[in-house]
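The figures here come from the full heavy-atom set of this structure, side chains too, leaving out hydrogens, waters and symmetry mates. Here is the naming used below: chain letters follow the sequence lines, and residue numbers restart at 1 for every chain.
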Protein chains: 4
Amino acid sequence: MICLFQNLQEPERLKTLPDRTRAIDEADKALRRQSLLQSALRLFLEQPTNLPSVQAIATEAGLAKGTIYLYFDTKEEIFLAILTHLYDGILSELLTNLESEPQVAQSVAATLSAYTRRHPAFLPLASMNTTILERNVKPDLVMQLKTRLYEGIALISQALNKRYPTLSLSECAQLLINTQALVLGLWQMHQMPETVRSALIASNMSLLAPDFHETLKAGITCLWQSLSNH
Amino acid sequence: MICLFQNLQEPERLKTLPDRTRAIDEADKALRRQSLLQSALRLFLEQPTNLPSVQAIATEAGLAKGTIYLYFDTKEEIFLAILTHLYDGILSELLTNLESEPQVAQSVAATLSAYTRRHPAFLPLASMNTTILERNVKPDLVMQLKTRLYEGIALISQALNKRYPTLSLSECAQLLINTQALVLGLWQMHQMPETVRSALIASNMSLLAPDFHETLKAGITCLWQSLSNH
Amino acid sequence: MICLFQNLQEPERLKTLPDRTRAIDEADKALRRQSLLQSALRLFLEQPTNLPSVQAIATEAGLAKGTIYLYFDTKEEIFLAILTHLYDGILSELLTNLESEPQVAQSVAATLSAYTRRHPAFLPLASMNTTILERNVKPDLVMQLKTRLYEGIALISQALNKRYPTLSLSECAQLLINTQALVLGLWQMHQMPETVRSALIASNMSLLAPDFHETLKAGITCLWQSLSNH
Amino acid sequence: MICLFQNLQEPERLKTLPDRTRAIDEADKALRRQSLLQSALRLFLEQPTNLPSVQAIATEAGLAKGTIYLYFDTKEEIFLAILTHLYDGILSELLTNLESEPQVAQSVAATLSAYTRRHPAFLPLASMNTTILERNVKPDLVMQLKTRLYEGIALISQALNKRYPTLSLSECAQLLINTQALVLGLWQMHQMPETVRSALIASNMSLLAPDFHETLKAGITCLWQSLSNH
DNA sequence: TATGAATGAGCGTTCATTCAT
DNA sequence: CATGAATGAACGCTCATTCAT
């Protein structure tokens, strides 16, 4: 089986190329690409409401602005690559945890909650996907993300189906998609300026300003309750 | 009962002010404001991926650019107003239909499906809310949207709670929030360039390019299945 | 003798017209005009680097924006009127003090120093005269200012000439003009952001950041030393 | 002696970079910067009442608007640079002429008169310095101008002091500052629309519409008469 | 491959002034 | 005379992308 997740790179293991050195062979190029992704990610995390500027990314990576365009066609492509990677990550963890955990719904909820904590760029980027990223990226890169997503979902669906044979493969897949949709939507609804958040709480409307992770778990539990019926 | 939704204006009933006429009294001003909202909406629907430019909105409304700033502080404010209005609309319909329909989950799904069809700006705008709109709008307008949302949810929760007394008010509210999150997320996942859509179908991954309204109904049914347990 | 300075109005004696009342007769109109001038001046003093907006002036005066244009053709006209008034004031004081004081140069210096202190709008406005005000005002209003200036200078020159008969009338006049030029120039050279001022002092260049009033006195003394020769 | 005025560039000697060519090394960059300054200056001289627009400057220089911002942070910075340069120029000439001319006051007057004729942008820009330029420029650029001014004044003061040992260094410096103030003020008082000028002459008030250069000489002579006493 | 100078489209907003009421 | 809604010109600046070197 081709591994979906070949792209995963532990940053700490990453050998870095000296700045302003020419990346000749494929390995060096990949390294440089990774380094750009790391820089972009780092800057994005500093202010997850905006994509950082190309200049900032280049500077952060110790390279020139033009160099970035040797590795990516547009700025958005960089972040779509990061997002793709993050999708890979979450799918991979879901699969792993599914197999080891007895309580499926709880496992899913816990995995998602932990993952979004450990990867605070995931949901902000996922939220921008439709609105910002895909709009400025070649279709085949969008397809790449979708394909990865599809394959991940397929694998997880199979695992699920093995444990809950009464649930069809496509029901499993749909459940996963719904889960991702729910997480994405909850995160966006939960996102707001700090002033608004405190105003909401002050006005007894904390329903709209809840702890994201709490809500996440509850929501997933609700969505996955069908499993307990099977 | 105080009606939340007094703001709803059927565009077709709207008397329009002749162009370049002065809106002196409050009624005329409201009319002009509505007309700007209509123009903005119309242009947005032509290309729901970008907010139209202020100049375009003004021209569409037969007014000068500066006039817009007599009615709105920023461009985003216009679209937040539209979105607020659309949230009012959906909440109102949910409430109405809930009371008349026997099958609650189906009613909710059908209402949402129909509403998003009739108001194709709803989900695109809702998707931009966090990322684009709220970022350039005074906090109290964000609060206004949230408050309306809260009050709508409160009313619907009460109606739900009346029919399913085993479900607590806050469980009902949370269910509604989850529903909105799910719809939002599904719409975003379902959103893609036409080329991508056909590529997905060609590659046997139509799972990721489904009919939105189908998926919506299935998703809501899944989320609301708890009701059948009560 | 026709008084040059009929325009001088002690603000405290000013009867004010109730807001939004129609000014029918000439006296009422003059009152309203004065009130607009006062409002404009008050706002300008709050931020003497920019002319306040017409809207701000109207609001401050309790009137509508359009009303201002019943009294002045352009915004700059308002400030040219204020400046004219302030020129009247300084000329009048110079004349008065000249007659009572024995030491002419010192009298002039002291008068100017005191006047600019009491009327902090004088030099800022005078500095804007060429660059901003006269550019957007009908020539005959500029002429009015010049005429007043001329007549004031003429009167003072006569007084000077009486005391120093060896100085021709036109030499006296020129001396006055040079004095005004010097004051204006010194004020502009002395004007700077606070940060720059402290940087200058820190760099041992306090020559360029002196006390304005000190410099003023020294400068005038220097310019007027010819008198002691006569 | 380190020359303060190394920046002086005779425009006619300036090698120009071909349009749309890249300025790679520092020399070319300096050339391009000079060319932008020249263009800005040229346009300003066409209408010395307003700073030309950035677009106009770019077009005049055969470059794109954005390019300007590679060389200057704001539009005002361009003109502050020109003004700094012009201050360098006048200080340099004053110093040179002082050393060669026997009659100091006359030398100063003649130098200033000639310089302002040859550099018609000098006084208009100097007049805008406080009101317009320094307001939109980083403090350290203002400081640069001040520093240059200070150093120029220091050098000239030394030269003066050598010839008139009874005048202290700081008296010399102050005399120079007063001179600059006087020139600036006279220029502003002398500045007026052509219509006003002819009206003044027609009304026998030519005192207020004199030949600037005449007045300048007379004024400086008056200010510098102290020297003859020493 | 790397650079970074050059490009130029894109846009929201302010505000003095006009003028219908 | 008073109002204030409507006007629309004016403009600096950013920044993703290109491309000559």
So, A/Ser39 side chain and A/Ser35 main chain: donor-acceptor pair closer than 3.5 Å or not? yes
Which listed nucleotide (E/dT3, E/dA6, F/dA5) is nearest to the side chain of A/Thr67? E/dT3
Within the side chain of D/Lys75, is there an N or O that forms a donor-acceptor pair under 3.5 Å with the backbone of D/Pro52? yes
5'-most by nearest nucleotide on DNA chain F - C/Ile68 or A/Ser53: C/Ile68
Given atom CG of B/Leu31 and atom P of F/dA5, what is their separation to the nearest angstrom? 15 Å
Nucleotide E/dT3, atom C1' - distance to CG of A/Leu36 in whole Å: 14 Å
Closest to the 5' end of DNA chain E, once C/Gly66 and B/Thr74 are matched to their nearest nucleotides, is B/Thr74
Atom CG of D/Asp28 and atom P of F/dA20 are separated, to the nearest Å, by 17 Å
Can you tell which of F/dT7, F/dA2, E/dT3 lies closest to the side chain of A/Leu70? E/dT3
Specify the separation, in whole Å, of atom CD1 of B/Ile132 and atom C1' of E/dG12. 15 Å
Check the side chains of D/Thr130 and D/Glu134 for a donor-acceptor pair under 3.5 angstrom, ignoring hydrogens and angles. no
Which part of the nucleic acid, if any, lies within contact of D/Tyr71, taking any heavy atom under 4.0 Å across all strands shown: a base, the sugar-phosphate backbone alone, or nothing? sugar-phosphate
Between atom CG in C/Leu43 and atom C1' in E/dC15, what is the gap in whole Å? 15 Å
What is the distance from CG of C/Asn50 to P of E/dA16, rounded to the nearest Å? 11 Å
Among F/dG8, E/dG12, E/dA6, which nucleotide sits nearest the side chain of B/Lys75? E/dG12
Length of the CZ-C1' vector between A/Arg135 and F/dA16, whole Å: 15 Å
Heavy-atom nearest nucleotide on DNA chain F taken for D/Leu51 and for A/Glu76; more 5' hit belongs to D/Leu51
Does D/Asn136 place a side-chain N or O at less than 4.0 Å from the phosphate oxygens OP1/OP2 of F/dC13? yes
Identify the nucleotide, in any strand shown, that forms a Watson-Crick or G-U wobble pair with E/dG12, with both distances under 3.5 Å; if there is none, say none. F/dC11
So that I can tick it off, tell me whether C/Arg42 and C/Glu60 are bridged by a salt bridge, with the cut-off set at under 4.0 angstrom between side-chain N and carboxylate O. yes
Hey, are the side chains of B/Arg32 and B/Tyr71 touching, using non-hydrogen atoms and a 4.5 Å cut-off? yes
Which of the following nucleotides, F/dA2, F/dA16, E/dG12, is nearest to the side chain of B/Lys65? E/dG12
Round to a whole Å and report the spacing from OH of A/Tyr69 to P of E/dT3. 15 Å
Going by purine N1 to pyrimidine N3 plus the second Watson-Crick contact, or the G-U wobble pair, all under 3.5 Å, which nucleotide sits opposite E/dT21? F/dA2
